[in-house]
Amino acid sequence: MTISDIRAYQILDSRGEPTVLVRMFSDTGREVTFAAPTGVSKGLGEAVERRDTNNPDSFRGQGVAEAVDLVQNHVAHKFIGYPLGNQTDFDSLLVALDGTPTKERLGSNTVVALSGAYLKLSALELGKEVWQYVSELMQTTPAMPRIFANLFNGGQHAPGLGIQEFMVVPKSSKPLEAITQIYNMYHTIRPIMENLYGASALLVGLEGGMAPIGATTEVVLEALSQLNGKMQNSFDIAVDCAANSLYENGSYNLDGGQYTTQKLLETYASWQAKFNVTSFEDPFAETDPDGMTVFKAPRPFLTVGDDLTVSNRSKIEEFAQAKIVDAVIIKPNQIGTMSETLAAVNAANKAKLKIIVSNRAGETNDDLIVDLAVGLGAMGIKVGAPNRGERVAKYNRLLQIERDYPDIAADSQPLKGASTIPTDGTLKPRRSE
Ligand code: PGA
Ligand code: ZN
């Protein structure tokens, strides 16, 4: 069981921007593909993609022809004849070949495409589903994740709303049951938005969510919370503030208002109280010096790190120790290799942080992240809205795994983290320590 060939291709992602696809073959004649997704609102600490920035003729500098050439002419031959099933060693070799702390030489896009393809081909050769293989590598119990369905897009993902993602999270983690609920919500709320904001409400953002022009955060949260009430409170409401994009000159701009860090925290608490928003991702900006202290205060909601933690083991350890995050987003291309991704998951598990595996704004039709979430027994998975092929591919993989393996646990973890301090409704933030 060895690698017999590696081929790299320049393809387009869900936004029509170039990305790297790797096709990897084994000596038994099997093959897999994996294509790198891309973030739009990225954390400052993310691994760096390789693009043809000096060549305006290559997709206006966004092309990945150099990256493809690197894989084909400088990397592939090192792995011909390389045994399958040694993820850690394969990834260490990749990291060494790159030789930079940010993966900028080979590019995180080539590294993740190679590492993801190797994981898939190893599983295939061993006769296992990818989720089974992941759970064996990690010694985790597979489980169905709760679906974070992104019904409204804003921020850098769509014009209109300032908050990047408004997600509904069915309390059931049984895929068919959860997806049926998500479908019903999406199709109930669309005509409501169309009535309020006209035809613009029928357009969708990068992750397939509605992007009504003229709507505000509170209108959307009110609509979601009313719908939740009508649906027997069968889901949680979660937001991804992606606050890096709201932060400018020391304050946050949202819906035409300006917020200090403390005022923002109090606003989040009011959304929790009024609309029962239970989970806030990247609630403050990485460059906000007050974020680290204000968000240490007792807070009545789950705080999720994404741009803040970038699937990086040491950042996760740092934020967990500071008791600022209760859960972390896991995206393999933020760090580069699958082994480093799994190391980040290990760090989060050790710190008792919840795991939410996530898609990117620039996606491909690949469904590896679903197997990753199931294999890890992750609390959640972010898959966008039930709209657009690259999002639906993830929904469909969940349905397929459920149908083929009905015995996988679907116990549904609560949206509560280790360091979330329940309050009686009074919030007393500390400014500094
Ligand atoms: P991104 O958005 O892929 O643009 O980073 C997803 C997210 O922030 O969770
Ligand atoms: Zn995010």
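Atoms within a ligand are numbered from 1 in the order they appear, just like the ligands themselves.
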* To do: Let me know which of Ile329, Val169, Asp306 forms a side chain to side chain contact (heavy atoms under 4.5 Å, CB included) with Ile356.
  => Ile329

* Mark yes when over 12 heavy atoms from residues, nucleotides or ligands other than Lys263 sit less than 6.0 Å from its NZ; otherwise mark no. => yes

* **Matching residue for Phe148 among Val304, Leu415, Val383, Ile182 - test: side chain to side chain contact (heavy atoms under 4.5 Å, CB included)** => Leu415

* Check Thr217, Leu221, Asn228 against Phe275 for a side chain to side chain contact (heavy atoms under 4.5 Å, CB included) and give me the one that passes. => Leu221

* Asked: Which atoms form the tightest heavy-atom contact between Ala361 and Arg391, and what is the distance?
  -> O-NH2, 2.7 Å

* Asked: Which N, O or S atoms belonging to the protein are less than 2.8 Å from the Zn ion (ligand 2)?
  -> Asp240 OD2, Glu281 OE2, Asp306 OD2

What does the contact table look like for ligand 1 (nitrogen or oxygen on each side, cut-off under 3.5 Å)?
{"from": "ligand 1", "atom 1": "2 (O)", "to": "His157", "atom 2": "NE2", "distance (Å)": "3.3"}
{"from": "ligand 1", "atom 1": "3 (O)", "to": "Arg360", "atom 2": "NE", "distance (Å)": "3.0"}
{"from": "ligand 1", "atom 1": "3 (O)", "to": "Ala361", "atom 2": "N", "distance (Å)": "2.7"}
{"from": "ligand 1", "atom 1": "4 (O)", "to": "Val40", "atom 2": "N", "distance (Å)": "2.7"}
{"from": "ligand 1", "atom 1": "4 (O)", "to": "Ser41", "atom 2": "N", "distance (Å)": "2.8"}
{"from": "ligand 1", "atom 1": "4 (O)", "to": "Ser41", "atom 2": "OG", "distance (Å)": "3.4"}
{"from": "ligand 1", "atom 1": "4 (O)", "to": "His157", "atom 2": "NE2", "distance (Å)": "2.8"}
{"from": "ligand 1", "atom 1": "5 (O)", "to": "Ser41", "atom 2": "O", "distance (Å)": "2.8"}
{"from": "ligand 1", "atom 1": "5 (O)", "to": "Lys331", "atom 2": "NZ", "distance (Å)": "3.4"}
{"from": "ligand 1", "atom 1": "5 (O)", "to": "Arg360", "atom 2": "NH2", "distance (Å)": "2.7"}
{"from": "ligand 1", "atom 1": "8 (O)", "to": "Gln164", "atom 2": "NE2", "distance (Å)": "2.9"}
{"from": "ligand 1", "atom 1": "8 (O)", "to": "Asp240", "atom 2": "OD2", "distance (Å)": "3.1"}
{"from": "ligand 1", "atom 1": "8 (O)", "to": "Asp306", "atom 2": "OD2", "distance (Å)": "3.1"}
{"from": "ligand 1", "atom 1": "9 (O)", "to": "Asp240", "atom 2": "OD2", "distance (Å)": "3.1"}
{"from": "ligand 1", "atom 1": "9 (O)", "to": "Glu281", "atom 2": "OE2", "distance (Å)": "3.2"}
{"from": "ligand 1", "atom 1": "9 (O)", "to": "Asp306", "atom 2": "OD2", "distance (Å)": "3.1"}
{"from": "ligand 1", "atom 1": "9 (O)", "to": "Lys331", "atom 2": "NZ", "distance (Å)": "3.2"}
{"from": "ligand 1", "atom 1": "9 (O)", "to": "Lys382", "atom 2": "NZ", "distance (Å)": "2.8"}

* Start with the C-alpha gap between Tyr405 and Trp131, add the side-chain angles, then the distance that decides, and say whether ring pair (Phe, Tyr, Trp, His ring centres under 6.0 Å) holds. => CA-CA 11 Å; Tyr405 301 94; Trp131 60 264; 4.9 Å; yes

* **Results of salt bridge (charged side-chain N to carboxylate O under 4.0 Å, His left out) for Asp282 - residues two or more places apart only** => none

In a table with atom names and distances, give each donor-acceptor pair under 3.5 Å that connects a side chain of residues 158-165 to protein atoms at least two apart or in another chain.
{"from": "Gln164", "atom 1": "OE1", "to": "Ser41", "atom 2": "OG", "distance (Å)": "2.7"}
{"from": "Gln164", "atom 1": "NE2", "to": "Asp240", "atom 2": "OD2", "distance (Å)": "3.3"}
{"from": "Glu165", "atom 1": "OE1", "to": "Lys382", "atom 2": "NZ", "distance (Å)": "2.8"}

* To do: Could you tell me whether Lys42 atom NZ has more than 12 heavy atoms of other residues or ligands within 6.0 Å of it?
  => yes

